[in-house]
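One structure below.
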Protein chains: 2
Amino acid sequence: MKTKQTDLADSLMERGYRMTPQRELMLSLLGGSDKHLSADKLLMGVRKVYPRVNKSVVYRNLELLTELGLVSCVDFGNGRVEYEVHRHPHHHHLVCRNCRHTIMINSDTFAELQKQLSDHYHFIADMDHLALFGLCHACQTKAQAQQGHHPHPL
Amino acid sequence: MKTKQTDLADSLMERGYRMTPQRELMLSLLGGSDKHLSADKLLMGVRKVYPRVNKSVVYRNLELLTELGLVSCVDFGNGRVEYEVHRHPHHHHLVCRNCRHTIMINSDTFAELQKQLSDHYHFIADMDHLALFGLCHACQTKAQAQQGHHPHPL
DNA sequence: GCCATTAATGCAACTAGTTGCAAAAGCAAC
DNA sequence: GTTGCTTTTGCAACTAGTTGCATTAATGGC
Ligand SMILES: [Mn+2]
Ligand SMILES: [Mn+2]
Ligand SMILES: [Zn+2]
Ligand SMILES: [Zn+2]
C-alpha cells in the first residue's frame, strides 16, 4: 500500500500544520528515493524547483516530519544525519567501525530487547531506525590475524 | 580496582601515542567526575590550568581516548556529545523523548541482542554506552489520558 | 643534557545544524 | 475575493564540531 501525497497533507492538517510547496517537494523527494538522503542533498533537490529555499526550512521540516513519524533519521557517523521516509516493516543498520560496511537488518531482532525494557523499566523504546556500530565478520577475522603484531593487545 | 594515571600513560605509549599535560589533565578531569562531561565543559576545566588550550585539542584527544576504549561518549540529543571514563560494568541510558528524564540501566539487558546479532549476522556490536530514546512510564500514562483529545491518533 | 624524529598543539577557516525575528503565505470565515 | 489569524519561510547570526597547516614539544638514542 503506497502512501499518497494527499494522505500526507491530511496527516499534517489534522494536527494544525500546513502543506506548503516546500514540504510537499521534500516528501516527494524522500518518497522517491530508495536511499537515505542528507539534509544537504535534499536542499539541493528542493532548490532545483524552488531555488530560494533556505536550509533552515529543510532542517525544520525534517524535524517536524520526524516528530510526526513520517520520516526517520539515522546517524552513521559521517558528519551528516541521513533521512528516509518511514516505511513498514522497520529496519535497522549495522555499521562496521573499521571498514564502514553496513548491513540492513529486520527490526524483529529487537523485539526481545524491547520487551525486557518494557518489563523491567516500563520504558517503551523507539526502535524504528537505529544504527549500531561494531565489527563486521571480515574485520573480525582481520583483527584476529593482526593480534600477533601487537605486543600488548587490550 | 582504580586505574592509575601511569597505567593510562603506558596504555598510550604502547601504541605510539604520547602523554601530554593536556591529555593527562583531560583524563584526570574525566576520571574525577561522576557525571558526563561535554567537550565544552572539559575545555573550560582544562583552561583553568592551561589557559591557551584550543578546543581542537580537546576534540582530537576525546576522539583518540574513545578509540582506545579509555573514554566513552553518548549523544542525548541536547546539541552536544557527552563523555565519561569507560568504567566496568558497562551501562546504558534510556531517555524519555517527552520529559527528558533518563534511566541508567545495566548492559546485561543487551546480551541477548548481542548474541542474536553475532549468530545471525556475524556482527560484534559495540554495546558499551548507548542512549535509547522512547517514552518513560509517566509519559506513557499521560499520552493515554490525552488520547481522547486527538480525533485521529497515529 | 643534546639531537633527531615524529606526534601533538594552536590557530584559523571551514561544515553541519540551530535560533530569533520580520516578512510572506496558508487557511478559514465571511 | 478580501480579511484576519497563525504558521511557515528566508535570512542572518550563532553553536558544535572538523580539518589543514605551521610551530611546538614528547620521546628515544647518544
Ligand atoms: Mn535506513
Ligand atoms: Mn553514561
Ligand atoms: Zn568491516
Ligand atoms: Zn517522560
Side-chain angles (χ1 to χ4, degrees), chain A residues 5-6 8-27 36-47 49-68 70-71 73-83 100 131 151, chain B residues 5-6 8-27 36-47 49-68 70-71 73-83 100 131 151:
Chain A
Q5 208 66 248
T6 49
L8 295 172
D10 289 350
S11 180
L12 286 171
M13 304 262 278
E14 280 159 13
R15 301 171 199 225
Y17 301 108
R18 294 170 187 176
M19 180 51 91
T20 65
Q22 291 94 328
R23 276 180 194 164
E24 200 170 348
L25 182 49
M26 282 179 65
L27 280 166
H36 298 150
L37 288 176
S38 66
D40 194 58
K41 282 225 178 69
L42 206 38
L43 177 60
M44 291 191 298
V46 170
R47 280 185 170 163
V49 182
Y50 307 112
R52 342 189 109 267
V53 170
N54 192 267
K55 64 174 173 174
S56 64
V57 168
V58 169
Y59 282 111
R60 279 194 273 233
N61 282 337
L62 283 171
E63 188 186 11
L64 176 68
L65 297 172
T66 303
E67 267 171 38
L68 297 182
L70 303 177
V71 162
C73 62
V74 68
D75 187 351
F76 287 98
N78 299 323
R80 69 192 68 95
V81 173
E82 302 187 356
Y83 298 84
R100 294 279 125 190
Chain B
Q5 209 64 248
T6 51
L8 296 171
D10 288 352
S11 180
L12 287 171
M13 305 261 278
E14 280 159 14
R15 301 172 198 225
Y17 301 109
R18 295 170 185 175
M19 180 51 91
T20 64
Q22 292 93 328
R23 274 179 195 165
E24 202 170 346
L25 182 50
M26 282 178 65
L27 281 167
H36 299 150
L37 289 176
S38 65
D40 194 60
K41 281 225 179 70
L42 206 38
L43 178 60
M44 290 192 297
V46 170
R47 280 185 170 164
V49 182
Y50 306 113
R52 343 191 107 265
V53 169
N54 193 268
K55 65 174 174 174
S56 64
V57 168
V58 168
Y59 281 111
R60 279 195 272 233
N61 282 337
L62 283 170
E63 189 187 10
L64 176 68
L65 297 172
T66 303
E67 266 173 39
L68 297 182
L70 303 177
V71 162
C73 63
V74 69
D75 187 350
F76 287 99
N78 299 322
R80 69 193 68 96
V81 173
E82 303 186 357
Y83 298 84
R100 296 276 124 192

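Here is how names work: the chains are called A, B, and so on, in the same order as the sequence lines, proteins then strands, and each is numbered from 1.
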Worksheet item: Mapping A:G16 and A:Y50 to their closest nucleotides on DNA chain D, which lands nearer the 5' end?
Response: A:G16
Worksheet item: Taking for each residue the nucleotide of DNA chain D with the nearest heavy atom, is it B:T20 or B:Y59 whose nucleotide lies nearer the 5' end?
Response: B:Y59
Taking atom [atom2] of [N] as reference, at what distance in whole Å does atom [atom1] of [X] sit?
X: B:E24; N: D:dA26; atom1: CD; atom2: C1'; result: 12 Å
X: A:L43; N: D:dC11; atom1: CG; atom2: P; result: 12 Å
X: B:R52; N: D:dT24; atom1: CZ; atom2: P; result: 12 Å
X: B:M26; N: C:dA8; atom1: CE; atom2: P; result: 13 Å
X: A:D40; N: C:dT15; atom1: CG; atom2: C1'; result: 9 Å
X: B:N54; N: C:dA13; atom1: CG; atom2: C1'; result: 12 Å
X: A:E63; N: C:dA16; atom1: CD; atom2: P; result: 18 Å
X: B:N78; N: C:dT18; atom1: CG; atom2: C1'; result: 14 Å

Worksheet item: Where each residue is assigned the nucleotide of DNA chain C containing its nearest heavy atom, which of A:P21 and A:S56 is assigned the position nearer the 5′ end?
Response: A:S56
Discussion item. Between A:R100 and A:F76 (side chain of the first, backbone of the second, donor and acceptor by atom type, cut-off under 3.5 Å), is there such a pair?
Written reply: yes
Worksheet item: Is there a donor-acceptor pair under 3.5 Å between the side chain of B:R80 and the backbone N or O of B:A39?
Response: no
Among the candidates [options], find the nucleotide nearest to the side-chain atoms of [X].
X: B:R18; options: D:dG17, C:dT9, D:dA26; result: D:dA26
X: A:Y17; options: D:dT8, C:dA16, C:dG26; result: D:dT8
X: A:Q22; options: C:dC27, C:dA8, D:dG10; result: D:dG10

Worksheet item: Can you find a side-chain donor-acceptor pair between A:N54 and A:S56 that sits under 3.5 Å?
Response: yes
Worksheet item: Going by modelled atom types, is there a donor-acceptor pair between the base of D:dT8 and the side chain of A:R23 at under 3.5 Å?
Response: no
Practice prompt. Look at the side chain of A:R60 against the base of D:dG10 and say whether a donor-acceptor pair falls under 3.5 Å; ignore hydrogens and angles.
Written response: yes
Discussion item. On the nucleotide D:dT9, are OP1 or OP2 found under 4.0 Å from the side-chain N or O atoms that A:N61 carries?
Written reply: yes
Discussion item. With a cut-off of less than 4.0 Å, is there a side-chain N or O of B:R80 near OP1 or OP2 of D:dT15?
Written reply: no
Worksheet item: Does the side chain of A:L62 come within less than 4.5 Å of A:C73's, by heavy atoms?
Response: no
Response to the item:
Closest heavy-atom pair, B:L12 versus B:R18, reported as atoms and distance to 0.1 Å, is CD1-O, 4.0 Å
Item to complete: Just call it for B:S38: base, sugar-phosphate, or nothing, with non-hydrogen atoms closer than 4.0 Å on any strand.
Response: nothing
